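Notes to accompany the following structure.
What's counted below: heavy atoms across the whole structure, side chains too, no hydrogens, waters or symmetry copies. Only a predicted model underlies this, so the values are computations on that prediction, with no experimental measurement involved.
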Amino acid sequence: MPVPTGRLAAAAAAVAVAVLLLPLPSPAAIVVLDGVLLALALLDAALAVSPGRVEVARDLPAVVTLGERAELAWTVVNPVDRRLHVAVADQLAPSLGAGTRRVRLALPPSGTATARTALAPRRRGRFRPRDVVVRVRGPLGLAARQATRALPGELRVYPSFGSKDEAELRIDRARILEVGLRSAQGRGGGTEFEQLREYTPDDEFRRIDWAATARSSKPIVRTYRAERNQTVLILLDNGRVMAGQVAGVPRVEHAMDAVLMLTAVASRLGDRVGLVAFDRRVRAVVAPARSARQLGRVSEALFELEPELAESDYRGAFVQALVRVRRRALVVLLTDLAEASVSDTLLPALPVLVRSHLVVIAGVRDPDVARWAHQPPLDEAGAYRAAAATAALDDRRRTVARLRGMGVTVVDALPGRLAPELADVYLRAKATGRL
């Protein structure tokens, strides 16, 4: 399809001004000159290389993590032995945060040129850009030929793992404990027997193995390490209560960061980790496994999840958990600790899990609610807001107390602290043998 260029418009304007400046301007002269200019533009478009002959490739990363940056590149190949001016416009979603989606390239004869742009995705999900528009300018630059080319691609934006550094720190600490440094053994040293060795003054008296001591005629102690091959099953609530925002981010995003951190820590320490994401029905399942690839599997299961604006079926999710873990396991539920949803739906279903598993329920609390409750009101609206915030905090405290009364460990953390505090609960349970 022929497309006029800016140069054609400038030429037409110049012709009109030149004719008007003549001593006796003639409308016929303008028509004749514009007709010649139009004929040159049509000829220029006819001489332009067909966009179908121009090779275009899009180098799109397969995976990007939300909050990080990536690079997209377009490579264009000139099929003729003369210089070409090519413009490319890509079909990119606005939420990919591309620096640009249109580029202009000057291609040397039979040569190649590459243009790049940065991507900074603003939401999770699967993106499938399909088409690019290729425009090739004619030799005179008055017109161009344009066509839409199919160029399918796929980019997956995974949830943000903002607690990655915290995860590495806890893995390093747990490994120090596991290799048996005496300073760590004094705090527990794990629950799984590792070896017998000769007693040293820094060892605990209770670690002495009296039978081995009698056989060897010198004090012998038992050493322990953190037990391996335990099971951690994470239940991620994807229902209505997780759509609300805390610190400008939906609750489910805070929960996903905690899921990723707990998966990274537990799988690196040799435990089996699995995931069940649910709302009114189960949305995603990752079977518990001890694998270096488990973090990638969990990320793959999470990246397309969006909160369902419906009440979550906790009982159905708990049945799924019981099917997947037969022996005692650490079951972590990430949800909101709002009193209404917990008392009506979660508490009646909870005994199914508490009977046979160590249960942890974790949620992120809104710092704005605490601020509203404690700051002096300046007007009537502020007084109502402070009263509502105080009531919400009281309800939340009662909810946490009721859960703990049922034998549940509760993590009620501020934004940015949910993942580290949950990982600490897991490490304490592992080190003290509660599993």
So do the side chains of [X] and [Y] get within less than 4.5 Å of each other, counting heavy atoms only?
X      : Y      : result
Thr200 : Val221 : no
Val408 : Val354 : yes
Met406 : Leu347 : yes
Val56  : Val77  : no
Asp395 : Leu393 : no
Leu60  : Leu119 : yes
Val54  : Val136 : yes
Val400 : Leu337 : yes

Under a 4.0 Å N-O cut-off, is there an ion pair linking [X] with [Y]?
X      : Y      : answer
Arg396 : Glu339 : no
Arg280 : Asp313 : no
Arg124 : Glu253 : yes
Asp424 : Arg170 : yes
Lys430 : Asp271 : yes

Assess whether atom CD of Glu168 is packed by more than 12 heavy atoms of other residues, nucleotides or ligands within 6.0 Å.
->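 Yes, because the 6.0 Å sphere around CD of Glu168 holds more than 12 heavy atoms from other groups.
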Report, as yes or no, whether the 6.0 Å neighbourhood of atom CZ on Arg126 holds more than 12 heavy atoms from other residues, nucleotides or ligands.
->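 Check passes, neighbour count above 12.
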Side chain [X], main chain [Y], donor-acceptor under 3.5 Å:
X      : Y      : answer
Asn238 : Glu306 : yes
Arg385 : Pro377 : no
Arg283 : Phe278 : no

Taking atom CG of Leu418 and atom CG of Asp412, what is their separation to the nearest 0.5 Å?
->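 Separation between the atoms: 9.0 Å.
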Approximate separation, where rounding is to 0.5 Å, of Arg83 CZ and Arg137 CZ |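 The CZ atom of Arg137 is 9.5 Å from CZ of Arg83, to the nearest 0.5 Å.
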Worked check of side chain to side chain donor-acceptor pair (under 3.5 Å) between Ser312 and Asp237 | CA-CA 7 Å; Ser312 298; Asp237 186 355; 2.5 Å; yes
Any side-chain donor near an acceptor of the partner, Ser95 and Arg122, under 3.5 Å |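 Note: Ser95 and Arg122 side chains miss the donor-acceptor criterion.
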Side-chain donor-acceptor contact under 3.5 Å, Tyr199 with Thr213 =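 No, no side-chain donor-acceptor contact under 3.5 Å.
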Just list the side-chain donor-acceptor pairs under 3.5 Å for residues 157-164, sequence neighbours left out, or say none.
unit_1: Tyr158; atom_1: OH; unit_2: Glu300; atom_2: OE1; d: 2.3
unit_1: Ser163; atom_1: OG; unit_2: Asp257; atom_2: OD2; d: 2.7

Using the salt bridge (charged side-chain N to carboxylate O under 4.0 Å, His left out) rule, pick out the option among Arg102, Arg101, Arg58 that qualifies with Asp90.
->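 Of the listed options, the one satisfying the test is Arg58.
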